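Just below is one structure, and these are the notes that go with it.
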Amino acid sequence: MRVAIVATVWKRPEVFEMFAKGIRHLAANSDIEFVVIIAGSEGETSKQMVEKHGFTYIEIPNEPLSVKANAPVLEAQKLNVDYILALGSDDVISPGLMDMYADIM
């Protein structure tokens, strides 16, 4: 199964680092292939923060927030993924929870 994880980021690099660590932990403990797409709006600062983790980055204005949140979803739709999981940039999910999601998917 191939799942796109989409989120937005703005400021709070220390929180994003926890998010990225959580995604890496999730990927290391799952048979699911994850594609991570993050929309940011701080130019090179957020781009470097996201891409250093191997995630795809999209630059888009922070307002309106609904357009920003939709941008990584639209990008994920172009890829060959089975599902899209939208998370907040401060959400961390456990491998156990992902297993529950996978069972439902």
Side-chain angles (χ1 to χ4, degrees):
M1 178 182 325
R2 188 170 150 106
V3 175
I5 294 178
V6 299
T8 62
V9 66
W10 190 66
K11 298 189 178 182
R12 305 184 316 153
E14 63 285 345
V15 174
F16 182 77
E17 289 302 314
M18 289 187 288
F19 171 86
K21 182 178 179 182
I23 297 299
R24 286 195 314 274
H25 179 72
L26 188 64
N29 292 283
S30 178
D31 293 331
I32 297 170
E33 178 186 352
F34 294 101
V35 177
V36 182
I37 306 168
I38 308 293
S41 51
E42 297 175 282
E44 278 301 310
T45 301
S46 51
K47 180 179 180 181
Q48 289 176 8
M49 180 176 67
V50 169
E51 289 184 345
K52 79 177 183 181
H53 293 286
F55 303 158
T56 299
Y57 178 77
I58 298 170
E59 176 73 20
I60 190 158
N62 201 49
E63 293 183 10
L65 193 53
S66 59
V67 172
K68 182 178 180 179
N70 203 36
V73 174
L74 294 173
E75 187 65 25
Q77 288 177 333
K78 299 175 188 175
L79 306 175
N80 187 24
V81 297
D82 300 301
Y83 297 94
I84 298 172
L85 177 62
L87 296 177
S89 60
D90 57 357
D91 291 342
V92 177
I93 61 174
S94 70
L97 179 57
M98 192 64 224
D99 289 343
M100 290 173 54
Y101 287 166
D103 289 344
I104 294 168
M105 290 182 218

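In this text, all values refer to a predicted model and were calculated from it rather than measured experimentally.
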From E17 atom CD to K52 atom NZ, the distance as rounded to the nearest 0.5 Å: 4.0 Å
Which heavy-atom pair separates A7 from G88 by the least distance, and what is that distance? CB-C, 4.5 Å
Counting only heavy atoms not in M100, do more than 12 sit closer than 6.0 Å to its CE atom? no
What one should report as the nearest heavy-atom pair of K68 and S41 is NZ-OG, 2.9 Å
Do I58 and F34 land in one hydrophobic cluster if side-chain heavy atoms of ILVMFWY residues count as linked below 4.5 Å? no
Going through the distances and angles, do V92 and K21 end up as a side-chain contact (heavy atoms from CB on, under 4.5 Å)? CA-CA 9 Å; V92 177; K21 182 178 179 182; over 6 Å; no
Under 3.5 Å, is there a donor-acceptor pair between the side chain of D82 and the main chain of V3? no
Those residues that, when tested against A69, pass side-chain contact (heavy atoms from CB on, under 4.5 Å) (two or more places apart): T8
Under the rule for side-chain contact (heavy atoms from CB on, under 4.5 Å), what residues qualify as partners of Y101, not counting sequence neighbours? L85, I93, L97, M98, M105
Just how far is it from atom NE2 of H25 to atom OG of S30, taken to the nearest 0.5 Å? 10.5 Å
Nearest heavy-atom approach of E59 to S46 is OE1-OG, 4.1 Å
Which atom pair, heavy atoms only, marks the closest approach of V36 to I23? CG2-CG2, 3.7 Å
Reported CG-to-CZ distance for the pair D91 and F19, which is rounded to 0.5 angstrom: 7.5 Å
Do the non-hydrogen side-chain atoms of I38 and M49 ever get within less than 4.5 Å of each other? no
Partners of F55 by ring pair (Phe, Tyr, Trp, His ring centres under 6.0 Å), sequence neighbours excluded? H53
Does a sphere of radius 6.0 Å around CG in D31 hold more than 12 heavy atoms from other residues, nucleotides or ligands, not counting ones at 6.0 Å or beyond? no
Identify the two heavy atoms, one from I84 and one from A76, that lie closest to each other, and give their separation to 0.1 Å. CD1-CB, 3.7 Å
As an exercise, state the distance from NZ of K47 to CD of E42, rounded to the nearest 0.5 Å. 14.5 Å
Nearest 0.5 angstrom please: L79 CG to T56 OG1, how far? 7.5 Å
According to a 4.5 Å side-chain heavy-atom criterion applied to Ile, Leu, Val, Met, Phe, Trp and Tyr, with indirect links allowed, do L65 and L74 form part of one hydrophobic cluster? no
Heavy-atom donor-acceptor pair, R2 side chain to V35 backbone, under 3.5 Å: no
Do the side chains of Y57 and V6 join up, straight or via other hydrophobic residues, at under 4.5 Å, putting them in one cluster? no
I37-V73 co-clustered via ILVMFWY side chain contacts under 4.5 Å: yes
State yes or no: do L87 and F16 share one hydrophobic cluster built from I, L, V, M, F, W and Y residues joined by side-chain heavy-atom distances below 4.5 Å, directly or via other members? yes
Are more than 12 heavy atoms from other residues, nucleotides or ligands located less than 6.0 Å from atom CD of E63? no
Minimum heavy-atom distance between A39 and P72, given as atom pair plus value: CB-CD, 3.7 Å
